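Worksheet: one structure, shown below.
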Amino acid sequence: MNLKQQLDQRISAALAALTGQPDALAMVAYSKSPQFGDYQANGVMALAKKLGKNPRELGQLLAQQLQLDDIVSKVEVAGPGFINLFIKPAFLSERLNQLDHARLVAAAAQPQTVVIDYSSPNLAKEMHVGHLRGTIIGDAIARTLEFLGHKLIRQNHFGDWGTQFGMLITHMQELPFYTEGKIKAELSDLEGFYRAAKERFDTDADFARLARENVVHLQAGHPGYMALWKKFIDVSIEHCQQLYQRLGITLTEQDIRPESFYNSRLPQVLELLDQQKLLTVSDGAKCVFLDEFKTKEGEPLPVIIEKTGGGFLYATTDLAAIRYRCQELHAERVLYVVDARQSLHFQQVFTVAHLAGFASASCKLEHLSYGTMMGKDGKPFKTRSGGTVKLVDLCSEGVERALALVRGKNPETNLDDADLQHIAEVVGIAAIKYADLSKNRNSDYIFDWDTMLSFEGNTAPYLLYAYARIRSIFRRAQLDASAPYIINVEAAEEQALALKLLQFTEAVETLASECLPNQLCLYLYELAGLFMKFYECCPVLKAEGLVQQSRLGLCQLTALTLQQGLGLLGITTLEQM
RNA sequence: GCCCCGGUAGCUCAGUGGAUAGAGCGGCCCCCUCCUAAGGGGCAGGUCGCAAGUUCGAUUCUUGCCCGGGGCACCA
């Protein structure tokens with residue numbers, strides 16, 4: 001149990017005993033200012049009101065009865081009835097000395113089976129900036145839940161099936177150089193290939209007709225078309241996996257469960273809905289109508305399961321996926337990291353899934369939506385010529401800019417070119433990822449190279465630098481960074497840092513429940529800031545004996561926490577930069 | 001028209017029903033006798049979109065309105 005929960009539980013119990021209200025809540029929160037202590041309990045005011053008592057008197061009574069001497073050095077009643085709690089330095093030291101350095105965070109008390117659907121690009125096109133947020137944010141959430149001990153199942157719901165593939169295989173088939181090697185070479189520029197096919201589809205009526213016919217052949221399982229399709233998909237998957245590797249994304253080929261995986265399960269979705277009398281035929285399409293959704297004309301809005309003339313849509317696939325995830329993978333929680341524009345779709349699909357029993361009432365289906373990536377002009381992020389920015393190019397540009405920066409900061413360095421290149425790769429990728437993770441995912445976010453590569457403020461370079469600096473302390477002094485050091489905090493700066501270190505667990509747990517990685521980013525930034533202040537005020541290498549040991553211990557734990565925290569976000573640290 | 005998300009300092013963003021709403025950038029000023037100044041400290045900067053309501057207490061919850069973005073029947 002983390003410190004906040006521990007305080008909350010004990011104060012709630014004391015409050016219940018004092019007032020005879022079994023459901024009394026202490027409402028423990030962080031204090032905003034040091035003068036109000038480290039934590040504060042705010043529950044007294046509400047309870048006093050409810051009981052018609054004077055809140056300050058109730059607060060005084062509670063403060064007298066609280067038995068928190070093992071944790072707290074001072075309890076004071078302040079303002080209208082706040083209970084301010086000052087954590088004992090000895091308690092901080094003791095807790096820090098007990099930490100398991102390999103984890104720093106306890107495993108979840110109740111592990112769940114969690115399915116997370118993220119990244120899920122459309123294989124028809126090359127990955128572009130539109131796929132970045134979901135991939136990065138999803139990966140951070142996945143890593144964190146997994147680390148906490150949940151049974152985490154990643155699902156990369158690739159778009160590998162649908163009308164565009166008719167167009168693509170028709171274009172492939174008609175290429176004069178349809179041979180193994182040449183096809184593969186041609187597909188090395190997936191984006192160009194898609195554009196060429198689209199161009200023909202839009203301008204050549206015969207081609208378009210043929211493409212539509214070929215979709216039907218493909219979906220009927222025609223071997224020749226299937227082979228072409230498979231070839232295309234394989235190249236496309238390889239392209240995605242390369243990007244994942246460069247970006248440090250944990251998705252592997254084993255996590256791929258594309259749309260086509262559900263093909264054989266679609267008819268069953270239709271049958272089950274029909275059996276439950278949920279289907280209505282409207283304009284020839286088989287639909288589920290839900291009272292809570294309306295079209296722009298004010299008519300009931302259907303969820304279309306099968307379109308007029310046959311053929312399934314993405315709602316059908318998503319319903320089949322929910323059945324699979326809940327009933328075969330036994331998920332207790334299913335997370336969808338998908339952009340905000342699809343929120344209506346997910347509301348509908350989740351409602352139908354619960355209604356039809358595809359997901360039990362206890363199975364939580366959550367759409368973790370995120371906003372659009374904007375350019376500095378506040379419009380969706382594009383290249384100078386107005387095209388979509390490829391992820392490959394984005395990574396390269398980030399690394400190039402980082403390299404220039406690292407070179408500039410190290411004019412006379414002992415680092416060779418390979419070292420610099422490595423540092424640039426880590427910093428560049430980290431900057432891109434962290435810029436995205438550190439903002440609340442719900443809002444749109446403005447992509448700006450200068451801000452994300454700055455060493456100031458809440459940025460990846462600042463945190464990586466903080467970590468490298470600490471490592472450098474041990475390296476310079478030739479001290480063992482993994483040796484046991486006994487912490488004994490005294491100075492105010494040490495106390496503030498120690499408390500923050502203890503709160504790492506709370507930050508990680510919050511990320512797991514709220515799925516907002518920016519909260520962990522903020523924690524790490526504040527930790528790094530407190531460390532810098534500590535380091536300014538409290539000499540480490542110049543200190544002696546037990547004081548030095550203790551301060552080294554704080555340095556060590558700060559480094560471990562930064563490394564662990566960045567690791568959960570999918571960012572690797574550097575020993576030197 | 002309905003639904004979803006947002007509106008907080010000049011800019012980019014935090015903010016769990018609680019005390020005096022916080023960071024960073026940009027502006028002005030100060031600090032290298034432990035690590036890498038890629039750092040630290042200070043000053044200035046706010047009708048938390050507007051108005052009601054609930055509450056002992058609202059930036060936070062409710063409702064209405066204004067502004068911006070997105071979505072709303074066979075694409076995903």
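Computed from heavy atoms alone, side chains included, the values below leave out hydrogens, waters and symmetry copies. Here is the naming used below: chain letters follow the sequence lines, and residue numbers restart at 1 for every chain. If you're wondering where the values come from, they're calculated on a predicted model, not measured in any experiment.
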Practice prompt. Find the distance A:Arg56:CZ to B:C56:P and express it as a whole number of Å.
Written response: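 Distance, rounded to whole Å: 19 Å.
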
Integer-rounded Å distance: B:G40 C1' and A:Ile470 CD1 =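 Rounded to the whole Å, the gap is 15 Å.
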
By the 4.0 Å heavy-atom rule, please label [X] as base, sugar-phosphate, or nothing.
{"X": "A:Gln548", "result": "nothing"}
{"X": "A:Pro539", "result": "base"}
{"X": "A:Met532", "result": "sugar-phosphate"}
{"X": "A:Gln576", "result": "base"}
{"X": "A:Phe293", "result": "nothing"}

According to the Watson-Crick and G-U wobble definitions, with both distances under 3.5 Å, which nucleotide is paired to B:A51?
->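 In the structure as shown, B:A51 has B:U63 as its Watson-Crick or wobble partner.
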
* To do: Can you tell me the pairing partner of B:C43 across any strand shown, Watson-Crick or G-U wobble, with both distances under 3.5 angstrom?
  =>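 Pair assignment: B:C43 / B:G27.
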
What residues form a ring-ring contact (aromatic ring centres under 6.0 Å, His included) with [X], not counting sequence neighbours?
{"X": "A:Tyr462", "result": "A:Tyr525"}
{"X": "A:Phe534", "result": "A:Phe531"}
{"X": "A:Tyr523", "result": "A:Phe504"}

Nucleotide by nucleotide, nucleotides 7-15 of chain B touches protein heavy atoms under 4.0 Å in the pattern (B base, S sugar-phosphate only, - none) -----SSSS

Worksheet item: Can you list the steps and then say if A:His157 with A:Tyr262 is a ring pair (Phe, Tyr, Trp, His ring centres under 6.0 Å)?
Response: CA-CA 10 Å; A:His157 193 83; A:Tyr262 298 100; 5.6 Å; yes

Which pairs count as salt bridge (Lys or Arg N to Asp or Glu O under 4.0 Å) when at least one residue sits in [range], sequence neighbours excluded?
{"range": "residues 119-137 of chain A", "result": "A:Glu126-A:Lys390, A:Arg133-A:Asp436"}
{"range": "residues 40-57 of chain A", "result": "none"}
{"range": "residues 464-476 of chain A", "result": "A:Arg471-A:Glu575"}

N/O (side chain, [X]) to phosphate O (OP1/OP2, [N]) under 4.0 Å:
{"X": "A:Tyr30", "N": "B:G22", "value": "no"}
{"X": "A:Arg469", "N": "B:A37", "value": "yes"}
{"X": "A:Lys307", "N": "B:C74", "value": "no"}

Worksheet entry | Pairs involving residues 550-559 of chain A, ordered by first then second residue, that meet side-chain hydrogen bond (donor to acceptor under 3.5 Å, both in side chains) (sequence neighbours left out) |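 Qualifying pairs: A:Glu494-A:Arg551.
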
Check your understanding: When you measure from the side chain of A:Gln40, which nucleotide among B:C4, B:G18, B:A19 comes out closest?
Key ->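 Of all the options, the side chain of A:Gln40 is nearest to B:A19.
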
**Asked** Which atom names give the shortest non-hydrogen contact between A:Val337 and A:Tyr118, and what distance separates them?
**Response**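 Taking every non-hydrogen atom into account, CB-CB, 3.8 Å.
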
ask   = Under 5.5 Å between ring centres and under 30° between planes: does that hold for A:Phe82 against the base of B:A19?
value =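 By the stated criterion, A:Phe82 and B:A19 stack.
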
Taking only nitrogen or oxygen atoms into account, show me every contact under 3.5 Å that the protein makes with nucleotides 71-73 of chain B, one pair per line with its distance.
| from | atom 1 | to | atom 2 | distance (Å) |
| --- | --- | --- | --- | --- |
| B:A73 | N6 | A:Ser282 | OG | 3.2 |
| B:A73 | N1 | A:Ser282 | OG | 2.7 |

